Amino acid sequence: GKEHEMMAIELIRRANNDLKTVLFEVSTDNKTYIPVGKVDFGTNNPKHTLMTNIPTTKARYLKCIVTESNRPPSSAIAEVYVKGL
């Protein structure tokens with residue numbers, strides 16, 4: 001329920017590799033969101049985990065927006081970790 005300083009976001013996708021691109025946005029009030037980064041697994045990438053460094057940002061909410069899939073319209077995120085101070 002409180003704000004935390006975020007420095008990186010790690011995303012793990014499911015084993016079927018359908019997730020391609022995810023944008024990350026953060027907010028302090030759950031109304032106004034600002035973009036802070038994205039991960040792009042690309043096509044036929046065997047990796048299941050990607051991490052993106054973001055500008056050190058104080059926020060309370062994180063939004064993950066799936067913008068592309070390798071198997072539209074399906075896509076799945078397994079886990080999201082926020083790294084911070």
Side-chain angles (χ1 to χ4, degrees):
K2 64 181 182 174
E3 294 180 4
H4 293 279
E5 288 200 30
M6 303 175 184
M7 297 172 47
I9 301 169
E10 180 180 17
L11 187 134
I12 302 171
R13 64 181 176 172
R14 295 205 175 168
N16 58 11
N17 289 337
D18 58 5
L19 184 63
K20 185 175 180 184
T21 308
V22 178
L23 298 177
F24 299 109
E25 296 181 352
V26 295
S27 173
T28 56
D29 61 6
N30 201 22
K31 293 178 184 165
T32 306
Y33 282 83
I34 58 167
V36 291
K38 77 174 189 175
V39 293
D40 188 345
F41 286 95
T43 307
N44 297 321
N45 184 344
K47 289 185 178 182
H48 293 284
T49 303
L50 284 181
M51 184 164 54
T52 184
N53 292 321
I54 62 172
T56 302
T57 306
K58 199 170 207 178
R60 184 175 176 188
Y61 301 95
L62 171 68
K63 188 186 291 187
C64 304
I65 304 167
V66 176
T67 59
E68 292 183 83
S69 172
N70 287 317
R71 192 173 49 112
S74 300
S75 193
I77 294 173
E79 299 176 40
V80 176
Y81 296 98
V82 178
K83 312 288 183 170
L85 299 175

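This structure is a prediction, so every number in the text was calculated from the model and none was measured. Heavy atoms only: backbone and side chains are in, while hydrogens, waters and symmetry mates are out.
Here CG of L19 is found 9.5 Å from SG of C64. Values are rounded to the nearest 0.5 Å. In this structure, R14 CZ and S75 OG are separated by 10.0 Å, a value rounded to the nearest 0.5 Å.
In plain terms, the two heavy atoms of R71 and D18 that are nearest each other are NH2-OD2, 3.0 Å.
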Do any side-chain atoms of residues 35-46 form donor-acceptor pairs under 3.5 angstrom with protein atoms, and if so which ones, sequence neighbours left out?
residue : atom : partner : partner atom : Å
D40     : OD1  : T21     : OG1          : 3.4
D40     : OD1  : G42     : N            : 2.9
N45     : OD1  : K47     : N            : 2.9
N45     : ND2  : F41     : O            : 2.9

Show the atom names and distances, to 0.1 Å, of all donor-acceptor pairs under 3.5 Å that link a side chain in residues 50-63 to residues at least two apart or in another chain.
residue : atom : partner : partner atom : Å
T57     : OG1  : P55     : O            : 2.5
R60     : NE   : G1      : O            : 2.8
R60     : NH2  : G1      : O            : 3.2

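V66 and I9 fall within a single hydrophobic cluster, where Ile, Leu, Val, Met, Phe, Trp and Tyr side chains are chained together by heavy-atom contacts under 4.5 Å. Clustering ILVMFWY residues whenever any of their side-chain heavy atoms sit less than 4.5 angstrom apart, transitively, puts V22 in a cluster other than the one holding M7.
Take E10 and apply the salt bridge (Lys or Arg N to Asp or Glu O under 4.0 Å) test, not counting sequence neighbours, and it matches K83. Contacts of E79 classified as side-chain hydrogen bond (donor to acceptor under 3.5 Å, both in side chains), with partners at least two apart in sequence or in another chain: Y81. Among residues two or more places apart in sequence or in another chain, the salt bridge (Lys or Arg N to Asp or Glu O under 4.0 Å) test is passed with E68 by K20. Take H48 and apply the side chain to side chain contact (heavy atoms under 4.5 Å, CB included) test, not counting sequence neighbours, and it matches R13, A15, N17. Remark: S69 pairs with no residue by the side-chain hydrogen bond (donor to acceptor under 3.5 Å, both in side chains) rule, at least two apart or across chains.
L11 places a side-chain heavy atom less than 4.5 Å from the side chain of I77.
Here L23 sits in one hydrophobic cluster together with I65; the rule is ILVMFWY side chains under 4.5 Å apart, joined directly or through other members.
Residue pairs meeting the salt bridge (Lys or Arg N to Asp or Glu O under 4.0 Å) criterion with at least one partner in residues 24-33, sequence neighbours excluded, do not occur; the list is empty.
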